[in-house]
Every structure is written in structure tokens, then in C-alpha cells.
There are 2 protein chains.
Amino acid sequence: MAGRKSQGQHSPIMSIGQIERVTMGERIYNELCQLLIAGKLQPGERLSLRTVAEALGVSMMPVREAVARLVADGALTVHANRAITVPLMTVAKLRELTRIRIEIEGYAVAEAATRCTAGQLAAIGRLDAAFRQATLAPEGGSDDSLRLNKELHFAIYEAAGSPVLLSIIEGLWLKVGPIFNLDLRAARRFSTGAAEKHHAALVAALTRRDPEGARQALSADILSSLEFVVTTGSLPD
Amino acid sequence: MAGRKSQGQHSPIMSIGQIERVTMGERIYNELCQLLIAGKLQPGERLSLRTVAEALGVSMMPVREAVARLVADGALTVHANRAITVPLMTVAKLRELTRIRIEIEGYAVAEAATRCTAGQLAAIGRLDAAFRQATLAPEGGSDDSLRLNKELHFAIYEAAGSPVLLSIIEGLWLKVGPIFNLDLRAARRFSTGAAEKHHAALVAALTRRDPEGARQALSADILSSLEFVVTTGSLPD
DNA sequence: CTCGTGCAACCGTGATCACGGATCGCAGTT
DNA sequence: AACTGCGATCCGTGATCACGGTTGCACGAG
């Protein structure tokens, strides 16, 4: 405070931005999040603090913190034996999550429809096009589709302009991510073309500033994903 | 597993429930949650891991875990200096939170209206009556009103039958708790009688299984709280 | 072959320590 | 008197260790 005042308000030293202070626990948390959302960790798979720590070349400490956060988010489960696993998903739980996702993410896209700027709209359009291209590509590209699908959705959610809402949605994606993306990748769901259709309807609704249309398009997108996963029959219950 | 099998499926030994295994970090987390929701911790107040650990008679370790979870929830903030404080609330942030609360908690009460059992309805009615009694009592009772208000709301949210939804709402209450309850207690908001009116409308809507009526009553309740806090003028921005 | 027993490896939890950085007070200078 | 420089103190972060408890497996008794 005193130093800032004595430097004056227009010294060049004032224009340098804050350097990012990211702790190791944070980095490991993000690392595990990516693995989870990308479906790289199978449901039921067991995690060991020591093993993860060794794999990442750090001590057990920051891993504990990251895992504790993920457990709090419901993205990991700690059993009575103190064993840590990726939670198993049941059809009933997936349906519950889907209802909540439609409500909350639906609210987010409705807000986005009324509030997003032209620049955001353009970026969303670009991501939509990229997703379509990656998905229609005959060879592979499933990982890319998955990543672009997530980026497209979150670009829209960000346009809602509510950080709290965004973090809630991130929590939901952390829960559905493992099942979802594991299944989608294995079965190449995106080849059905349903996702592109719903995305197109969603982007169109955003463009014409239609909150209810956006909500319905998103609902259809989420429901078609649910239905696909359920029909694969790979889930217990 | 092997032992369970050899015991047979109907042995009395099978009917004993799992004993709760609660870690110290968990207990400290709950402790801090209560302090936060009850508004015992002032916004801007600084927390020290060592101080809290010493006050609770434990090592720094479980406190770290609990605080890390609260920071992840947005209920505490870690600054660039690594200092940990109760986050400061602004009017803008409170409005954002209120919009989200109306959407999510509104969905919860709508679900509760269609799904709650007669027993749950009776328990909700009892909490409503208890809240009214505690609030109308001329002497003090502000702490009781606060506690019963929370219990009433969460009894309804639980009736929605969705654990995920419940934990999301708990996260929201953790964020608004400090400001809210601090203000409400200081200014005795509950003496205005608005809360009782909205609660009565909410319970009535639940009784007649009216989702939209419940949603509107809850919206009015939340909005009146917001308006009250804003008009006290104790918030920056 | 089945089941109980004992041992070894491993796990999460909590305690303790080390380290770099931040904060605050007190001189000492301008 | 106001600012600067310095030192003591405290803080969060990460590493390391100790301790119950669980798991898995081999061995031996029934």
C-alpha cells in the first residue's frame, strides 16, 4: 500500500500483472479433474495416494489435498475401508444427475441467450463448427470430439456470466464425466449425429436470443446423451 | 465377503449397521460449517491454521483439509498472500447468488411438492410451527429462529429426494450464510413477519402438491431476505 | 478341499518439522 | 515528521515419519 502510493499511479511498474501463484495441490487437482472428465479413470478404479504421488514425482501431501477436494465434490469416493475409488454409477443416479443438469445447465444457457455478447457468440459458433468437423471426420477424432464438446458447452455456460453457476456445473460434469466419456468414446456415440443437431439448435437459439429455445435444445442434448448411455446397457441397475 | 457368505443372508449379524467412521478433518469441517452458516465468523475475518488447530486441540493437519474443502466450496477465500479469510460479499455477488438460489432451491421445492411423503409433510409443518413460535417470542430467540429457519428449509429440500441437489444447496448456503445471518441477527429481520408469511405459503403449496406455488413462495422468501439485507446498507458496493 | 490363523505389505490419517514468503514493529536516516 | 531498511515472528506449503487398520496370501489344521 505505502509502496504503491510512493510509486505513483502511472509508473510502468504498476502495469505488470499479478503473477500466478498456483500451489502443487491445485495443479494436481486440475490434473486429476482432466483425467476424470476425459474418462481416463474407470469407475471403480482404486487410487492410492502414495502411487499417485510417486507417479507425479511429488510427496503425498498435495495429493491428499487434491483428492480430498475431489471427494468433497463427489468426484471420488472414500469407502469405509478408507479406500479411494472412482464412484460407480447406476442408472438411477445418472437419471437424477440428468434432471439436475437439465435444470441448472438449462438455466445457464437461458441466461447466456439473453446476456452473451457478439464476440462470445462468434467464439461459440467457431467451437460448434470445430466440433462438427472433428466429429464428422471418419478416422478417429473421438478424443477431439469429447474435448470440443466440453469446450463448446462451457463457452456457453461462461456466457451466462455467473462464476458460481459455472463452478456448480463443473461439479456436475466431474460426476458424470467418467461414465459418460468412457462410454461415449468406447461406443462412438457422436457418430449418430444427434449431438450436432442439438448443438446447432442450441447455437441458433442463442443467436436469436431465445432463452426457452436454448433451454429446450440443451435439454434434448443432455437427454439424448443419457438415453445413449442407458441403451448401451453397460451400467449396473 | 467370504465371511458374509458363510453367515448366510438372514443372520442377525447382518442387520447391524455400519459404524460411522468420521475423521477429524470431517469433524472440523462440520464445525467450521456451523460457524459459517450461523454467521459467527465475520466477513473479512482472518483464519490461521495454527490458531484454529490450537483452539480445537488438534494438529494443523486436519484443519488444513477442512479449510481446503471450504476454500474449494467458495466458503473461504485464500488470497495471493496465502492468507485465509471469510470472503467479503458485495451487493452484486449477493444478487447473483440470489438468482441462482431461486432457480435451484425453487427446483428443489417444486420436486418436494410432488414427491414428499405425508410423514415429511408433517415434520415440515412442525418445523414451520416451531419457527413461528420462536420468531414471535418477544424475548431474544434470534439464534433459535435462525437455526429453525435453516432446518425448515432443508427439511423441504431433503423431501426432493436428491442428495446431489441437497449438497449443491448446502454449498450455496455456505456462501450466503455469513452475510445473511450476521445481518439478520443484528437487525432482527424476522420481526418483520415476512418470513412467516412466505413459509406459510410455501407449506400450504406443498400440502396441496402445487410445484409452481411452492416455487413462487420460496422465491418470495429468498427475495425478501435479499431486499432486507440490501436495505440495511451494510454491504459494500 | 475348506476354513481359520498369522505375517507381510500397503493404505489413509495425523503429527511434526523445514522452508520460503509475508507481515509488522522498531530503529535509523533523510 | 515521513520514509526506508531490517529483523523477529507468524503463516501456508510441502516433506517425512509414526501409527492403527485393512488387504492379500501362504501355511497348516480340521
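Excluded from the calculations below are hydrogen atoms, water molecules and symmetry mates; all remaining heavy atoms, backbone and side chain alike, are included.
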| message | Quick check: on DNA chain D, is the nucleotide nearest A:R82 upstream (toward 5') of the one nearest A:G25, or the reverse? Name the residue that is more 5'. | response | A:G25
| request: Mind telling me whether A:H153 and A:Y157 have parallel, tilted or perpendicular rings, with 30° and 60° as the class edges? | output: tilted
| message | Using only atom types and a distance under 3.5 Å, with no angle test, would you say the side chain of B:E45 pairs donor to acceptor with the backbone of B:Q42? | response | yes
| query | Is there a residue in residues 56-66 of chain A whose heavy atoms reach under 4.0 Å of DNA chain D, and which residues are they? | reply | A:S59, A:M61, A:P62
| remark: Taken to the nearest 0.5 Å, the spacing of B:K175 NZ from B:I37 CD1 works out to 11.0 Å
| Under the side chain to side chain donor-acceptor pair (under 3.5 Å) test, which residues partner A:T85, sequence neighbours left out? | A:H79
| query | Rounded to the nearest 0.5 Å, how far does CZ of A:R147 lie from CG of A:L152? | reply | 12.0 Å
| request: Please determine if a side-chain N or O atom of A:N81 lies less than 4.0 Å away from the OP1 or OP2 oxygen of D:dT23. | output: yes
| Under a 4.0 Å heavy-atom cut-off, which of residues 46-54 of chain A touch DNA chain D? | A:R50
| field | salt_bridge(B:E103, B:R99) N-O dist < 4.0 Å | value | no
| note | All heavy atoms of A:A68 vs all of B:R69, minimum pair found to be O-CG, 4.3 Å
| query | Which value, rounded to the nearest 0.5 Å, describes the distance between A:L32 atom CG and A:L41 atom CG? | reply | 7.5 Å
| Distance in angstrom units between A:L76 CG and C:dC11 P, rounded | 16 Å
| query | Quick one: A:I84 CD1 to D:dG21 C1', roughly how many Å, whole number? | reply | 15 Å
